[in-house]
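The structure presented is a predicted model; accordingly, all values stated were derived computationally and were not measured.
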Amino acid sequence: METFPEGNFYRVHATKADYDRAFRNARDWALENPEELPHVAARIYHVKEDSLRQSVHRLKNRTRNEVGNFNRHGGNNKILAPAQEEAIRQYCYEQWELGMGATHEMVRAAIGHLRAAQTPPLPPPSKRWFADWLKANKNLHTIKTKPIEHARLESHTEEDVKK
């Protein structure tokens with residue numbers, strides 16, 4: 001049998017995919033056998049001991065967020081629930097149907113009112129959060145118009161044209 005230098009685990013496995021498969025198997029084995037230390041699984045499957053120990057520790061100590069999911073990198077600060085987001089979209093659509101359209105201030109105020117109505121009352125979201133949220137919701141978009149355009153449209157009503 002070939003001997004490999006200490007710490008050169010990639011030469012034991014033919015490809016990185018083989019190493020990853022061995023690492024997953026070692027982690028599963030370590031989780032199924034909690035009486036054994038992770039270094040035993042690392043030696044059996046020829047994977048890095050420190051990486052395996054950290055991976056096993058992280059999996060054992062994971063906690064769920066308020067939504068019930070596991071997050072790897074933050075993301076627990078959900079400002080709006082899915083039902084609230086749908087209510088905001090519906091509000092914007094109703095404003096559009098009325099011919100007014102919803103401004104940024106109107107939508108931010110509506111979100112602020114939704115958050116204030118929660119128990120306990122929560123503060124309104126930041127402008128940065130709102131900008132990111134608006135960018136993430138592709139079905140909501142802004143239309144930039146010049147102030148004179150509103151006056152120009154009002155001057156072209158049927159009554160003015162008939163005169």
| note | dist His104:NE2 -> Leu140:CG (nearest 0.5 Å) comes out at 10.0 Å

| request: Specify the closest pair of heavy atoms between Pro125 and Arg115, including all atoms of both residues, with the distance to one decimal. | output: CD-CD, 3.9 Å

| query | At their closest point, which heavy atom of Val56 faces which heavy atom of Ala30, and how far apart are they? | reply | CG2-CB, 3.8 Å

| So, do Lys48 and Tyr19 sit near enough that their side-chain heavy atoms are less than 4.5 Å apart? | yes

| For the atom pair CZ (Arg53) and CG (Leu37), what is the distance rounded to the nearest 0.5 Å? | 10.5 Å

| Are Leu52 and Leu31 in one and the same hydrophobic cluster, where Ile, Leu, Val, Met, Phe, Trp and Tyr link if side-chain heavy atoms are under 4.5 Å apart? | yes

| Should Tyr45 and Leu59 be counted in the same cluster of Ile, Leu, Val, Met, Phe, Trp and Tyr side chains packed under 4.5 Å apart? | yes

| task | To the nearest 0.5 Å, tell me how far Leu114 CG sits from Ile79 CD1. | result | 12.0 Å

| If you measure from CD on Glu49 to NE2 on His39, what distance do you get to the nearest 0.5 Å? | 6.5 Å

| Which heavy atom of Val107 sits nearest a heavy atom of Ala102, and at what distance? | CG2-CB, 3.8 Å

| message | Using 0.5 Å steps for rounding, measure from the CZ atom of Arg89 to the CG atom of Asn137. | response | 4.5 Å

| request: Before accepting this row, confirm whether a basic side-chain N of the pair Glu105/Arg108 lies closer than 4.0 Å to the acidic partner's carboxylate O. | output: no

| said: Donor-acceptor pair, distance only, cut-off 3.5 Å: does the side chain of Arg27 make one with the backbone of Ala41? | reply: no

| message | Parallel, tilted or perpendicular: which one describes the rings of Trp133 and Trp129, with boundaries at 30° and 60°? | response | parallel

| said: Quick test of your reading of the model: are Asp18 and Arg21 salt-bridged, counting only N-O distances below 4.0 Å? | reply: yes

| request: Give, for atom CD1 of Ile111 and atom OH of Tyr91, the distance between the pair rounded to the nearest 0.5 Å. | output: 10.5 Å

| field | Contact check, side chains of Arg62 and Arg58, non-hydrogen atoms, under 4.5 Å | value | no

| query | Is any NZ, NE, NH1 or NH2 atom of the basic residue among Arg24 and Asp20 found under 4.0 Å from an Asp or Glu carboxylate oxygen of the other? | reply | no

| field | Phe23-Ile44 co-clustered via ILVMFWY side chain contacts under 4.5 Å | value | yes

| note | Closest non-hydrogen atoms of His46 and His13, given as atom of the first, atom of the second and distance, are O-NE2, 2.9 Å

